[in-house]
Amino acid sequence: GCARAGRTYIFRRTATSWSSAVEDTPLSSSNIVADARFGTSLALSDDGKTLLVGADGYGASSGKAYVFRESGTGAWSFQAQLSPASPGQHDEFGYSVALSPDGNAAIVGAPGKNMACPFVYSSGAWEVQTAKESVGGFGQGVAISAEGGFLCAFVGADEDTLSVNSCGAVYVYKWDISKGTDPWGSSIQSFTASNATVSASFGWAISVTRDNRYLVVGAPGFSASGMVIGASYLFQNKSGTWTEVAARTNPHPAASDFF
């Protein structure tokens with residue numbers, strides 16, 4: 001096989017246990033290349049029938065993302081290959097991926113280009129919409145939630161200097177998928193950790209509940225007592241404003257935990 005090409009495996013839960021058998025998602029041989037890092041990032045729709053896989057190393061780290069659908073009989077098939085409108089080397093497109101709860105909208109992060117790229121599934125095809133570009137590692141982490149008939153897009157910028165140098169930040173957008181030329185609009189909120197430290201990398205990883213009520217953000221570079229130990233933060237959506245409600249670190253921290 002090709003070195004560092006990557007693979008993904010699907011486990012099925014039956015009754016009270018996970019299946020020991022694994023199923024590899026099918027890809028054509030033309031997409032199996034050395035250093036593609038297929039499987040760098042993963043996202044599943046709520047019903048478990050749509051899978052999005054990032055391969056940020058493909059093509060000198062320009063990157064790609066791939067969509068697979070499950071037929072209902074247990075068989076997975078390749079549906080689409082996603083790329084930005086203007087790909088470039090070292091974009092790292094596919095470093096982070098997110099799917100909407102219904103599996104018909106996606107965001108793919110390309111932190112090498114400080115970019116997050118949205119896609120919408122319509123009339124049997126995936127369509128790329130206008131990407132959002134910024135600075136500070138924008139696109140390092142991405143997430144999507146649904147609320148009141150619209151989608152919310154969350155983008156992490158782990159090198160952003162919102163509070164202190166390279167502390168990291170998360171930007172929240174109301175995503176109007178009907179506006180392909182500018183689906184993002186302006187950020188409705190941006191925030192970092194209440195106890196932000198230099199190079200904390202807040203926004204490295206993001207996960208949000210489908211109902212848009214709770215958000216968890218990782219900051220693997222968070223420092224305390226002279227050590228890089230990492231931290232995670234819980235935010236709650238309170239009347240449209242994201243508010244930090246808890247922070248956690250490893251209960252037995254050690255240097256370079258990157259928790």
Side-chain angles (χ1 to χ4, degrees), residues 40-43 52 54 56-57 61-63 65 82 84-99 105-119 128-145 151-175 182-208 212 214-223 228 230-235 237 241-244 247 258-259:
T40 292
S41 54
L42 303 166
L52 179 60
D56 71 316
S61 295
S62 60
L82 307 183
S86 301
Q89 291 186 1
H90 310 297
D91 284 354
E92 297 179 304
F93 179 86
Y95 189 92
S96 58
V97 297
L99 276 174
I107 296 176
V108 181
K113 195 175 181 178
N114 295 307
M115 179 178 73
C117 192
F119 297 83
V128 60
Q129 295 191 324
T130 303
K132 188 74 172 181
E133 294 187 41
S134 187
V135 295
F138 189 82
Q140 180 75 29
V142 293
I144 306 173
S145 66
L151 297 177
C152 278
F154 302 82
V155 184
D158 71 309
E159 299 174 3
D160 197 295
T161 305
L162 190 64
S163 175
V164 295
N165 190 37
S166 297
C167 62
V170 169
Y171 292 83
V172 186
Y173 299 87
K174 183 177 179 179
W175 182 9
D182 186 17
W184 299 88
S186 300
S187 171
I188 59 176
Q189 190 179 351
S190 59
F191 51 85
T192 189
S194 59
N195 61 343
T197 63
V198 172
S199 300
S201 295
F202 180 88
W204 186 284
I206 309 171
S207 183
V208 63
N212 203 41
Y214 293 96
L215 176 75
V216 179
V217 182
F222 174 79
S223 298
V228 176
S232 59
Y233 299 84
L234 177 66
F235 291 79
N237 186 346
T241 300
W242 289 96
T243 304
E244 184 183 321
F258 303 113
F259 179 83

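Remember, it's a predicted structure, so these values are computed and weren't measured experimentally.
In terms of heavy atoms, A65 sits closest to F93 at N-CE2, 3.8 Å. Taking each heavy atom of L52 and A98 in turn, the nearest pair found is CD2-O, 3.7 Å. Of all heavy-atom pairs spanning G203 and V217, the tightest one is N-CG1, 3.4 Å. Shortest non-hydrogen contact noted between F259 and S232 is CE2-OG, 3.7 Å. Taking all atoms of both residues into account, the shortest heavy-atom contact from A153 to W184 is CB-CZ3, 3.8 Å. Between L162 and A169, the shortest heavy-atom contact is CD2-CB, 3.8 Å.
Side-chain N or O atoms of N114 include one that pairs as donor or acceptor with a backbone N or O of G137 at under 3.5 Å. Of the possible polar contacts, one joining the S96 side chain to the G139 backbone as a donor-acceptor pair under 3.5 Å is found. In terms of modelled atom types and a separation under 3.5 Å, the side chain of S61 and the main chain of E92 share no donor-acceptor contact. Side-chain atoms of T161 come within 3.5 Å of backbone N or O of S166 as a donor-acceptor pair. Of the possible donor and acceptor atoms, one in the side chain of N237 sits under 3.5 Å from a partner among the backbone N and O of N212. No side-chain donor-acceptor contact under 3.5 Å links T197 to the backbone of F222. Side-chain atoms of E244 come within 3.5 Å of backbone atoms of S194 as a donor-acceptor pair (strictly under, hydrogens ignored).
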Step by step, work out the side-chain contact (heavy atoms from CB on, under 4.5 Å) result for L215 and V172. CA-CA 11 Å; L215 176 75; V172 186; 5.7 Å; no
C117 and V128: CA distance, side-chain angles, deciding distance, side-chain contact (heavy atoms from CB on, under 4.5 Å) verdict: CA-CA 7 Å; C117 192; V128 60; 3.6 Å; yes
Take T241 and F191 through the side-chain contact (heavy atoms from CB on, under 4.5 Å) test and state the conclusion after the steps. CA-CA 10 Å; T241 300; F191 51 85; over 6 Å; no
Kindly indicate, with the supporting measurements, whether the criterion side-chain contact (heavy atoms from CB on, under 4.5 Å) is fulfilled by F258 and S201. CA-CA 10 Å; F258 303 113; S201 295; over 6 Å; no
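You'll find the side chain of Y173 stays beyond 4.5 Å of the side chain of P183, heavy atoms only. In this structure, D160 and F138 have side chains that are not in contact, with every pair of non-hydrogen atoms separated by 4.5 Å or more.
For F235 and W242, the distance between ring centers is not under 6.0 angstrom.
Considering CD1 of I107 and CD1 of I144, their distance stands at 4.0 Å, rounded to 0.5 Å. Distance check: S86 OG to D91 CG gives 9.5 Å after rounding to the nearest 0.5 Å. The OH atom of Y95 sits 15.5 Å away from atom CE of M115, with the distance rounded to the nearest 0.5 Å. Residue E159 holds its CD atom at 11.5 Å from SG of C167, rounded to the nearest 0.5 Å. In this structure, CG on L234 lies 7.5 Å from OH on Y214, to the nearest 0.5 angstrom.
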